[in-house]
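Here is the structure we will look at, set down as structure tokens.
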Amino acid sequence: MAIFWRVLLVVVAATVALVAILASAASPSSPPASSSPAGSSDAERQDKASFEVWHSTSGSPMTPRGTLHIAPSRKSGTKYEAGAGGTAELARVASPAEVYQVRFTGIVHGVEVALNSSVPLCQLQSARFREYVTVHLDETGVPYHIDYVVPSSSCSTKGAKSVPFKTNVFVQKPIDGIRPRLEIINRETKDGKPQPQPSFIQKYWYYIIPIAVLLLAGGGEAPEKK
């Protein structure tokens, strides 16, 4: 009878060990953490685009003024090129209610763009025809808005001297928000190296010890009945 129990315990122990080995082999090891390469936005790969610049004052038709070149990938490629339209007609005395209007028209990646803005003419005169143009691009590199400002909030009452436009051009590309990083995080030791995987005995010691105790406690022949 004692031999039967010993054989049974050995079979059970072998079965548990086999199941543990199979479970250890089936569980995937943690791959090293990898970060996906940061995708560059479409706006950073856009080609150079040009806009025709038109201007007028209150109640007058738009007339050509120059050309605005933008190149999101190259800072030196963004500039304003003056045309026939200058400031000679704008150097007169202007009332605070008179408005200077500017329009930017062009075709970017097959999309027709027409953006307008305006400032009081007297403020443009007070700024001595210095202006700041900021072109806002969407994710595809197409302009959707233009900020047109002058560095003056006061109005000139004497008009202004006819001088060339001093145009400063900026390009505002879309700003990417925080992106979640879906990756497997490995626990690291103090020296920065991945923690080693535990051995078979370290993983399944709570199975092995009870089986060993049963095997050791089951020794000896059963006493014969008299």
[X] to [Y] - nearest heavy-atom pair and separation:
X    : Y    : result
G141 : V108 : O-CG1, 3.9 Å
S126 : C155 : OG-C, 3.3 Å
A127 : P151 : CB-CD, 3.7 Å
M62  : Q101 : CE-CB, 3.9 Å
P96  : P120 : O-CB, 4.3 Å

field: Value rounded to 0.5 Å, distance of CG in L115 from OH in Y144
entry: 10.5 Å

task: Mind checking the CG-CD1 spacing from L137 to I70? Nearest 0.5 Å is all I need.
output: 5.0 Å

Compare all side-chain heavy atoms of [X] with those of [Y] and state whether any distance is below 4.5 angstrom.
X    : Y    : result
F104 : V113 : no
V102 : I146 : no
T67  : F51  : no

Per-pair distances, 0.1 Å, donor-acceptor, side chain in residues 81-90, under 3.5 Å, sequence neighbours excluded:
residue: E81; atom: OE1; partner: H69; partner atom: NE2; Å: 3.0
residue: T87; atom: OG1; partner: S162; partner atom: OG; Å: 3.2
residue: T87; atom: OG1; partner: V163; partner atom: N; Å: 3.2
residue: T87; atom: OG1; partner: V163; partner atom: O; Å: 2.6

task: Can you sort out the partners of E98 under salt bridge (Lys or Arg N to Asp or Glu O under 4.0 Å), two or more places apart, ordered by chain and number?
output: R92

message: Using a 4.5 Å cut-off between side-chain heavy atoms of Ile, Leu, Val, Met, Phe, Trp and Tyr, which other residues end up in the same hydrophobic cluster as V99?
response: none

- line: For F170, the other hydrophobic cluster members (4.5 Å side-chain criterion, sorted by chain and number) are Y132, V149

Could you tell me which residues satisfy side chain to side chain contact (heavy atoms under 4.5 Å, CB included) with [X], sequence neighbours excluded, listed by chain and number?
X    : result
S60  : S56, T57
T167 : R65, Y80, E131, V133, F165, V169
D147 : T134, H136, H145

statement: Contacts satisfying salt bridge (Lys or Arg N to Asp or Glu O under 4.0 Å) that involve residues 99-127 (not counting sequence neighbours) are none

message: Going by the rule side-chain hydrogen bond (donor to acceptor under 3.5 Å, both in side chains), which residues pair with T63 if we only count those two or more places apart in sequence or in a different chain?
response: none

statement: Residue set satisfying ring-ring contact (aromatic ring centres under 6.0 Å, His included) with Y100, at least two apart, ordered chain then number -> H55

Common cluster, V150/W54, ILVMFWY with side-chain heavy-atom separation under 4.5 Å: no

Step-by-step side-chain contact (heavy atoms from CB on, under 4.5 Å) determination, L124 to F129: CA-CA 5 Å; L124 179 62; F129 300 103; 3.7 Å; yes

